[in-house]
Amino acid sequence: MNYHIGTMLIDENFDGKCDCPLCRIKARVDQRLTESYLGEGVMEDNTRAEVNKLGFCDHHYSLLFASRSKLGLALQISTRLNTVLKEIKLPKNAKEAKKQGDAVLKLNETCVVCKYLDEHMIRYYKTVAQVYQNVASFKDRLLATHGFCLEHYAVLLKYSSCAGGKQKEYLADLYTVQIKRIEQLKKDVDEFTYHHDYRQVNNPLSQGAKDCLKETSNLFYGDKFKI
Ligand SMILES: [Zn+2]
Ligand SMILES: [Zn+2]
C-alpha cells in the first residue's frame with residue numbers, strides 16, 4: 001500500500017447495505033476532521049493561520065456550531081474575522097467596488113475542513129482500488145454493494161488505475177453494481193408513475209417504488225448521514 005490510511009473504514013462500510021459505502025466513509029472522516037477543529041490543536045500557529053486564510057463553508061460551520069465547544073468555534077472565528085475585516089474597505093469608485101465585490105465573494109469559497117476532507121477522500125478512492133487488487137475476497141464485497149452515488153461512482157472510475165493489473169476487472173465490477181442500481185431505480189420510478197393511473201389504485205406499490213424519490217436523491221446527491 002502506498003497510501004497511509006487504514007483500510008478499516010473500507011472493511012466496515014463495504015458491508016452489503018443499501019446505501020453508498022463511500023458516503024458513509026466520508027461522513028465518518030468528516031466528523032473526525034471537524035471535531036479536530038474544536039480540540040486543543042486549533043490554537044497552534046499553523047492551524048490558526050490556515051483558518052484565517054480559508055475559513056469554513058456553511059456545512060462545516062453548522063457542524064462546528066452544533067457541537068458543545070462554542071468557545072473553540074468563537075476563538076477560530078475571531079481570527080478569521082480579522083482576515084474579513086481587511087477585505088472590507090470603502091471603495092473609491094465603481095471599478096474598485098466591482099473588484100472588492102469579487103474578493104468578498106471569494107472569501108466564502110474556501111473551507112479549511114473541506115480542503116483536508118477532499119485530500120483524505122482521494123486517498124480512500126485510491127485505496128479501494130488497491131484493496132481490490134490486493135485482497136481477493138474484496139471482489140465479492142464490492143459485488144454485494146448496491147452501487148454508489150453518482151459522485152462516488154465517478155471518482156472510483158477516475159482513480160481505477162490504482163487497481164493495477166486488475167483495473168479491467170475492477171471497472172467491470174464497478175459497472176455491474178452501478179448499472180444494476182440505476183436500472184432498478186428506473187423500474188421503481190416507472191412503477192410509481194404507472195401506479196398513479198386510476199385503474200391501478202388497488203394494486204399495492206412495492207417498497208422500492210415507495211422509496212424511489214428518496215433513492216433518486218441518494219443517487220444524484222449522495223446519502224446524507226448523521227453520525
Ligand atoms: Zn456516495
Ligand atoms: Zn467545508
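Both ligands and their constituent atoms are indexed starting at 1 by order of listing.
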Undergrad: With Phe148, which residues qualify under ring-ring contact (aromatic ring centres under 6.0 Å, His included), at least two apart?
TA: none

Undergrad: Scan residues 127-154 for pairs that pass salt bridge (charged side-chain N to carboxylate O under 4.0 Å, His left out), counting only residues two or more places apart or in two chains.
TA: Asp11-Arg141, Lys139-Glu169, Lys139-Asp173

Undergrad: Do Lys70 and Phe65 form a cation-pi contact, if we require the NZ or CZ to be under 6.0 Å from the six-membered ring centre and within 45 degrees of the ring's axis?
TA: yes

Undergrad: With a 4.0 Å cut-off, would you call Lys17 and Asp223 a salt bridge?
TA: no

Undergrad: Check the Zn ion (ligand 2) and write out every protein N, O or S atom at under 2.8 Å, as residue and atom.
TA: Cys57 SG, His60 ND1, Cys111 SG, Cys114 SG

Undergrad: Would you find a donor on one side and an acceptor on the other, under 3.5 Å apart, between the side chain of Thr216 and the backbone of Cys212?
TA: yes

Undergrad: Would the distance check show the side chain of Asp30 and the main-chain N or O of Lys26 forming a donor-acceptor pair, the cut-off being under 3.5 Å?
TA: no

Undergrad: Side chains of Asn46 and Glu50: any donor to acceptor distance under 3.5 Å?
TA: no

Undergrad: Classify the ring geometry of Tyr170 against Tyr132: parallel below 30°, tilted from 30° to 60°, perpendicular beyond 60°.
TA: tilted

Undergrad: Could you tell me whether a side-chain N or O of Gln100 sits under 3.5 Å from a main-chain N or O of Lys89, the two making a donor and an acceptor?
TA: yes

Undergrad: What protein N/O/S atoms are found closer than 2.8 Å to the Zn ion (ligand 1)?
TA: Cys20 SG, Cys23 SG, Cys149 SG, His152 ND1

